[in-house]
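Before any comments, here is the structure.
Counting convention: from 1, in listed order, for ligands and their atoms alike. As the structure is a computational prediction, the values presented were derived from the model and not from experiment.
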Amino acid sequence: MLFLLLVLLTVLVPGGDSDDDFQELSSFRIILTISFYNHSWTQNQASAWLDELQTHTWDSKKGIFMNKQPWSKGNFSNKELTEQERALQVASIRIPLIFQDHVSQWQLKYPFQVQMAKGCELRFGEKSVGFKRIAYQGSDLMSFQNTSWIPSPKGGERAQQVCKLFNQYHEVNLRIQALIKDLCSRFLWELLDAGKADLQRQVRPEAWLSSGPSPGPGRLLLVCHVSGFHPKPVRVMWMRGEQEQPGTRRGDVLPQADGTWYLQVSLEVEAREAAGLSCRVRHSSLGGQDVVLYWEQHRPVGWAFLAVMVPLVLLAGLAFWLWKCRKSPWRPQCTGLPLERNPSSPGPGHS
Ligand SMILES: *[C@@H]1O[C@H](CO)[C@@H](O)[C@H](O)[C@H]1NC(C)=O
């Protein structure tokens, strides 16, 4: 019997490790976004990121990286950093020129954006992999492999034409390969080491429930808010007892200004079925103690009831007191009432 219980428990209590949210992946990437407004006007923005943490901002006028974290300086040589800066500077001039020259041939429409990302990804227990990709209007256009550009299947005819052109510059592509390799062998590891304390910072989430806009008559949208946690992986489920509710909808995990995260997880139910539901939050900072919030205690009906009843009871009390004091103003709890200070009104013992 005990054995059966144990088996049931292991089946019912899901382990965190099989969960996609807890996939361990680290990456360092440099992102360049080029906005094309018209034939003569483009704007560049660039930044560098270690996982979800910005490590550098880019000064496009001076063509240099600026440290965003106290540890962003890492331990790279000046030469390594300067090489990356120069490469980014060249790309931020060259790519706009190339795209501006082919607006009609590649059927680009103003205003549009071209994004370039390069860096290195590391899955724990596996080799690190360098990458460089270019996107048009937020959708993959092409990626760099070994020494050449490969069109993305989503990019269609346009991707093939852009690749063809970029692959004519073989010398440039060899440089790109070397620079990506550097990002893997030096930058990612250095920054992972330097920023360890920030990356591994554990901050506990705060959670609360609310009801969203009514999805229809007799139905409720239950919303579980989870805020202020770090690191990003979190598991939030709507539960009935130990049963996960299949209709649970998970929003995007959103960044907050202080470097922590926010997530909203909702469930649409029949109003009469809301009782007994709970929101369960599992996060590495909680040390295995999940936060569980029950819907009953947070029913908005309960608050509305209180909001009406509390003032009513107070008013009734006040009315009763006034009535009592008017009848017998000499009672000790009535002193201080304007009636008492009136000299013409009878004081105690004068009646
Ligand atoms: C390009 O766009 C900028 C900013 O919107 C504008 O000031 C400029 O006049 C435009 N140039 C042309 C040639 O349309």
Original post:
Is Glu273 paired with Arg219 through a side-chain N to carboxylate O contact shorter than 4.0 Å?
Top reply: no
Subject >> Test of ring centre spacing under 6.0 Å for Tyr37 and Tyr110 >> reply: no
Subject >> For Ser40, the ligand 1 atoms whose distance to one of its heavy atoms is below 4.0 Å >> reply: 11 (N), 13 (C)
**OP:** From the options Trp41, Tyr110, Phe36, select the one whose nearest heavy atom is closest to atom 4 (C) of ligand 1.
**Re:** Trp41
**OP:** With the side chain counted from C-beta on, respond yes when Asp51 and Phe28 share a heavy-atom pair under 4.5 Å apart, and no when they do not.
**Re:** no
Original post:
Hey, is atom 14 (O) of ligand 1 touched by any protein heavy atom at less than 4.0 Å?
Top reply: yes
Original post:
Are any non-hydrogen protein atoms located under 4.0 Å from atom 9 (O) of ligand 1?
Top reply: no
Original post:
When only distance counts, is Tyr37 in polar contact with ligand 1, meaning an N/O pair under 3.5 Å?
Top reply: no
Original post:
For atom 3 (C) of ligand 1, which protein heavy atom lies nearest, and how many Å away is it?
Top reply: Asn38 ND2, 3.6 Å
**OP:** For the pair Glu121 (side chain) and Val129 (backbone), establish whether a donor and an acceptor sit closer than 3.5 Å, ignoring hydrogens and angles.
**Re:** no
Original post:
Between Pro255, Ser227, Pro205, which is the residue that forms a side chain to side chain contact (heavy atoms under 4.5 Å, CB included) with Tyr262?
Top reply: Ser227
